[in-house]
Asks: 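What follows is a structure written as structure tokens; I'll ask about it next.
Heads up: numbering here begins at 1 and tracks the sequence.
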Amino acid sequence: MRLSPLNQRRWRNFKANRRAYWSLWIFLLLYGITLCAELIANDRPLLVKYNGEYYTPFLKFYSEQTFGGDLRTEAKYSAVEVQCLIASAGSLDCWDDPEGILAEVTEKDTALGEPVNAGWIIAPIIPYRFDTIVDTGGVAPGPPSRQNWLGTDDTSRDILARVIYGFRLSVSFALVVTLLTSIIGIIAGAVQGYFGGLTDLIFQRVIELWGSMPSLYVIIIVTAFWEKSVLLLVILMVIFGWTSLVGVVRAEFLRARNFEYVRAARALGVGDIQIMFRHMLPNAMVATLTMLPFIITGTIGSLAMLDYLGFGLPSSAPSLGQLSRQAQGNLQAPWLAWTAFFTFAVMLSLLVFIFEGIRDAFDPRKTFR
């Protein structure tokens, strides 16, 4: 698909802003990695070969009986007994001395130069999910080690796995909330600014009353009574955040409603909706994009604050705000605080740089060489 000359100029201006351009690629790389979190950090193998058949445990449930065990519960792939069963195709008694039998099978495999064992396991780079309890010998939070690169938190969960899942959750949450609030806010501001008069007056009084409500306390009260969930928090954030763009869009539409091209479009019989969103809205995009970085970063900060206070996402969710709360309660474990700080700093800085470049790219008064 070929871009229009206007969009080509915007893309050239964006690329000329080197800080925004490289921030975009770094952010896309990090976000793309976190979107594949199940393939990178997981306590279930990616692929298992057993008796000539292939299994994908990270996608499907397999009981221990599938691999020759006795239990109907899900196989614990980190257990030596299960690994021995898979390696020996269930033909050996792996419950007496599983480590010795597994070592013997591996030794035979190396000596003969050909696969004696009938099965193998391909595990992710990080063998833990965000909710996996790590055995660190009773020390929690545990310091960084070869087993846990960023250490463990106060419930003995791997911090790096929680950061990967938490980064994805925070960014996805902020993007969804920003998209919904922007749609509602742009429509409301466009209606106010375009029609003006009594419509603008009524909308302004409603927004003043709505904005005077203590949104943080209302969210805390609602989440205290209702079961915590991501959907509930998204709805509450959108309900109290849609007014953030109304004032900016309203001012741009009030300024442009009497321009000559708008009068000409009305004289030609063009409908109000087409004039608002096809002709006037592109001129208001610069001011709108100026506010988007603050909305996204504010949403991420609000989510972290609510999680820090204990009124955000469920306690089982991989929240970066919970990591900050644990850092405060465990001053003897500085790796918690450093991880939370650098994660938020990198995430928010990249987003701000990207949207600065987008804002300048849409500004017709700025041209970069």
Asks: So which residues get pulled into Phe341's cluster when ILVMFWY side chains under 4.5 Å apart are joined, directly or through others?
Replies: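 Hydrophobic cluster check, Phe341: joined to Trp338, Phe342.
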
Asks: Can the ring centroids of Trp22 and Phe353 be said to lie less than 6.0 angstrom from one another?
Replies: no

Asks: With clusters defined by side-chain heavy atoms of hydrophobic residues (ILVMFWY) lying less than 4.5 Å apart, directly or transitively, does Leu30 cluster with Trp25?
Replies: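 In one cluster with Trp25: Leu30, yes.
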
Asks: Taking Arg162 for its side chain and Ala317 for its backbone only, find out whether a donor-acceptor pair lies under 3.5 Å.
Replies: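 Yes, because the side chain of Arg162 sits within donor-acceptor range (under 3.5 Å) of the backbone of Ala317.
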
Asks: Less than 4.0 Å between a side-chain N and a carboxylate O, is that true for Glu38 and Arg168?
Replies: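 A salt bridge is present here (some side-chain N lies under 4.0 Å from a carboxylate O).
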
Asks: Taking the basic N atoms (NZ, or NE/NH1/NH2) and the acidic carboxylate oxygens, is any pair closer than 4.0 Å for Glu64 and Lys76?
Replies: no

Asks: Side chains of Thr132 and Asp43: donor-acceptor distance under 3.5 Å anywhere?
Replies: yes

Asks: May I have the step-by-step check of side chain to side chain contact (heavy atoms under 4.5 Å, CB included) for Met280 and Tyr261, ending in yes or no?
Replies: CA-CA 9 Å; Met280 298 178 66; Tyr261 72 90; 4.1 Å; yes

Asks: Examine distances only and state if a side-chain atom of Trp120 and a backbone atom of Leu47 form a donor-acceptor pair shorter than 3.5 Å.
Replies: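 No; judged by distance alone, with no hydrogens or angles, the pair does not exist.
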
Asks: Residues two or more places apart in sequence or in another chain: which of them pass side chain to side chain donor-acceptor pair (under 3.5 Å) with Tyr55?
Replies: Glu53

Asks: Do the side chains of Arg250 and Asp200 get close enough for a salt bridge, i.e. N-O under 4.0 angstrom?
Replies: yes

Asks: Counting only heavy atoms from other residues, nucleotides and ligands, does the tally under 6.0 Å from CD1 of Ile273 exceed 12?
Replies: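 No, because the 6.0 Å sphere around CD1 of Ile273 holds 12 heavy atoms or fewer from other groups.
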
